[in-house]
Visitor: 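One structure, pasted below without further comment.
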Amino acid sequence: MADSAGRASGVARLLNPSSVAIVGASPKPFSLGGNLLQNFLAFGFAGDLHLVNPSHEEIAGHPCVATIDELPEGIDLLLLIVPAAHVPEAIEACVRRKVGSVILYSAGFAETGEEGRAIQDRIAAIARDAGIAMLGPNCMGYANFLRNVPATFEQLPHTPATGTGAAVVTQSGAMMGNLRIALLSRRVPVSYAVSAGNEAVTSVEEVIAHLVEDPQVSQLAVFVEQLKKPDLFLKAALRARELGKPIVMAHPGRSERSREAALSHTGAIAGDHAVMELFVRQAGVVLANGFDELFDIATICNRYPAAQVSNVALMTNSGAVRGFTLDFCEEIGLPVAPLRPETLTSLGAILPGFATVDNPLDITAQGMKQPSLFGDTTGILLADPGVDAVAVAVMGGSPAQIMNKWTSLRPHFEASEKPAVYVVLGDEHPMPRDFLDELAESRTPFFRSPERALRAFARLAETRAASEPDVTVSPPTEAGPTRTISEARGKTLLRESGCAIGPFVLATDRDAAVRAAETLGYPVVLKAQADALAHKSEVGGVRIGIDGPEALRTAWDEMQAAVAANAPGLALDGLLVEAQAARPEAELIIATRRDPQWGIVHVVGMGGVWAETLKDVRLIPGNAGAGKIEAEMRRLRSAGMLTGGRNQPPLDLAAAAAFVATLGALLAGRPEITEIEVNPLALYRDGIAVLDCLITRKT
């Protein structure tokens, strides 16, 4: 997009400026303003560079003006180094001079508390109303290595990017530097490194959406503490997947203390981490569990951006490594490919008779006498149609041995279209310089431990398994007050939506309850009903096993008294009477809810202690079909209780999955409903029963 003067607008002007002004430029070495200026001079920025400092007429041969108001009109990017108290007036001056974008490095805003947040909101409103894109506050800026724009106070070596490279996007400035340095050390070229800080105006999602479209960005390495615009992020992730550009992301926040740290660090308010994981994996984002994994996955994606990993093969020259990797792959859930008969035949023809031909493959010490075995066996494994990734993990040996192995392997690594990584064990034992140079030239992903290589493969396999062709991108839901509705109202709503709900009657007096029980058949269950009564059993509002009229009348009177004592002033709609269901053969807890950021999600778990104490639950996208839902149910740790075992027949998971799918469709069509909890859902060999439900809706 462009404005009436033909200039790029928004994030484009921010990240690709033709003119830059440094407000607070300084001749002092190692000061923020001094580092910024020295970066621009060292990089040889080709655009117009303007300096603002009331104490100097010129710095390093560049003239200075005293105020922002003395700058030319329409500068693309203004770098602002002023105390927090003076920021609002500086942003107002930017509006007067029609500045296109701003980087605000100062801290002291939302990350410090309510007073700082109020100032941040004020400057954000000024910038947003004027259409000014802004990174920060509380950020380190960015560097565009493609176009020599080092808009950060981190002292940078002048290493311009050539060709395509990774774009580093973070909220944390320190992480921006950490990721950039680590990727470069792994010989992954970096085209951009961006930190967004508090994201008062311009968010990481907007930056990502812009960078995805840059033809010189081959992948994105992302570290965020919260995604504030999930719908925009998912759209960008789907676009990246369409363009074949991997997004590798680390996102802390699994623990409560980590979420608290995110709040103090960047002013973020962390959401439900597990729900975030579910949706971003669906969109093809590779989630790294920590820094090492992020670096390792990005290294593989640098060489194989379209990496598709499901079943791996491993070749080694150590029986110990073979045994260890078998255990390790099972531990991390990485499938080891069964080798095709023709592959086994080809391997057997070149290996000694005492070798075990299997996956993982140990070529034995014969490789020391016959180095060609390393390359020949790797080539055979890569040719197997059932293998889609190969890890070669070998002992190092002398410099000559290292080079002999590499010489045998290199042609196969370079020719492979399947992800293939090389591991030389020995921790930090130095490698020959010639080997490292050739390794870099070949762009082969290189590791010093099989664990790191296999974990990276596991994350890629996990993403492939979770990725869905059709991902629903839902706009965030506005927060607001909610209320529950009674079980009777809830079950009526479920029945109207096509769910099989057993017969029940809402009785308003004892005689009506007795008549209902005679129609339904004893034994019956009696439950107190009111929209405000979300937890009936806590006030004595549930009685089961009522086996006759007199017992029912007694239960009626006792329940009325208990509710009056435990919930004074609560007006009941009546008492629900229903036939007591047969004893379930298993129970599920189902919660289908509308996440305010990500959209509709199902939480499915085994009843009783399994869900709450053992955390045995599965999260499933709200738009999933019954087949996907049933497959996820079968992945519960306690699924053996559902699928048949110890000569027990399997339970009706198909009916349970169809029921859950109906709940997803109900929420999708009824935006006023925020959550439906069914606890428990009784499972039988032939059918299901909704024993209780709680529906929450907006007021």
Side-chain angles (χ1 to χ4, degrees), residues 110 113-114 117-118 120-122 124-125 128-129 198-201 203-206 225-235 253 256 259-260 262-263 266-280 471-494 496-497 499 529-536 538 567 569-571 573 589-603 619-623 660 662-679 692-699:
E114 289 306 312
R117 179 172 292 279
Q120 178 174 305
D121 290 345
R122 179 185 168 193
R128 197 176 290 113
D129 289 346
N198 289 9
E199 304 172 89
V201 177
S203 66
V204 290
E205 295 89 353
E206 292 172 272
E225 289 153 289
Q226 187 199 16
L227 291 167
K228 299 178 182 178
K229 298 179 179 178
D231 54 333
L232 180 56
F233 178 80
L234 289 178
K235 288 176 183 176
E256 185 63 33
R259 290 190 287 272
E260 292 171 359
L263 176 61
T266 64
I269 302 173
D272 190 318
H273 195 279
V275 176
M276 177 278 299
E277 287 188 356
L278 174 71
F279 281 90
V280 301
V471 178
T472 301
V473 179
S474 302
T477 303
E478 289 188 15
T482 61
R483 66 179 178 89
T484 58
I485 64 175
S486 70
E487 179 183 348
R489 294 178 191 270
K491 285 185 172 178
T492 299
L493 178 59
L494 293 180
E496 292 171 350
S497 301
C499 298
Q529 297 295 297
D531 286 349
L533 189 55
H535 302 291
K536 300 179 287 290
E538 293 180 4
L570 177 67
D573 298 335
I589 293 176
I590 312 292
T592 299
R593 63 185 178 90
R594 193 183 307 278
D595 185 275
Q597 291 185 307
W598 295 95
I600 301 169
V601 61
H602 303 293
V603 183
L619 266 65
I620 307 168
N623 65 335
V660 175
T662 300
L663 298 185
L666 175 57
L667 257 70
R670 299 285 294 268
E672 76 278 10
I673 299 176
T674 59
E675 182 171 5
I676 301 174
E677 179 181 322
V678 176
N679 182 17
D692 199 357
C693 71
L694 182 65
I695 295 180
T696 305
R697 58 179 297 161
K698 296 178 182 178
T699 57

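Predicted model only: the values in this text are computed from it and were never measured. Residues: numbered from 1 along the sequence shown.
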Visitor: For Leu570 and Ala530, which heavy atoms make the closest approach, and how far apart are they?
Guide: CD1-CB, 4.1 Å
Visitor: If you apply the rule side-chain contact (heavy atoms from CB on, under 4.5 Å), what do you find for Gln226 with Gln597, and how did you get there?
Guide: CA-CA 11 Å; Gln226 187 199 16; Gln597 291 185 307; 3.4 Å; yes
Visitor: Give the minimum heavy-atom separation between Leu694 and Ile485, together with the two atoms involved.
Guide: CD1-O, 4.1 Å
Visitor: Quick check: closest heavy atoms across His602 and Pro621, and the distance to 0.1 Å?
Guide: CD2-O, 3.4 Å
Visitor: How long is the straight-line distance from CZ of Arg593 back to CH2 of Trp598, given to the nearest 0.5 Å?
Guide: 12.5 Å
Visitor: Does the side chain of Leu494 come within less than 4.5 Å of Leu666's, by heavy atoms?
Guide: yes
Visitor: Atom OG1 in Thr696, atom CZ in Arg594: separation rounded to 0.5 Å?
Guide: 12.0 Å
Visitor: I need the single residue from Glu205, Glu199, Glu206 that forms a side chain to side chain donor-acceptor pair (under 3.5 Å) with Lys229. Which is it?
Guide: Glu206
Visitor: Shortest non-hydrogen contact from Arg128 to Val201?
Guide: NH2-CA, 4.0 Å
Visitor: Do Thr592 and Ile600 come within less than 4.5 Å of each other through their side chains, counting heavy atoms only?
Guide: yes
Visitor: With respect to Phe279, which candidate in Val601, Val473, Asp595, Leu227 satisfies the side-chain contact (heavy atoms from CB on, under 4.5 Å) definition?
Guide: Val601
Visitor: Between Leu234 and Thr472, what is the shortest heavy-atom contact and its length?
Guide: CD1-O, 4.5 Å
Visitor: Give, for atom CZ of Arg670 and atom OG of Ser497, the distance between the pair rounded to the nearest 0.5 Å.
Guide: 6.5 Å
Visitor: Assess whether atom CD of Glu478 is packed by more than 12 heavy atoms of other residues, nucleotides or ligands within 6.0 Å.
Guide: no
Visitor: Report the C-alpha distance between Ile673 and Leu493 in whole Å, list the side-chain angles of each, state the deciding distance to 0.1 Å, and finish with yes or no for side-chain contact (heavy atoms from CB on, under 4.5 Å).
Guide: CA-CA 11 Å; Ile673 299 176; Leu493 178 59; 3.6 Å; yes
Visitor: Please, which pairs that meet side-chain hydrogen bond (donor to acceptor under 3.5 Å, both in side chains) have at least one residue in residues 480-494, sequence neighbours excluded?
Guide: Arg483-Asp531, Glu487-Lys491, Glu487-Lys527, Glu487-Lys536, Arg489-Asp531, Lys491-Glu578
Visitor: How far apart are the closest heavy atoms of Gln529 and Ala488, and which atoms are they?
Guide: OE1-N, 2.7 Å
Visitor: Side chains of Ile695 and Ile676: closer than 4.5 Å at any heavy-atom pair?
Guide: yes
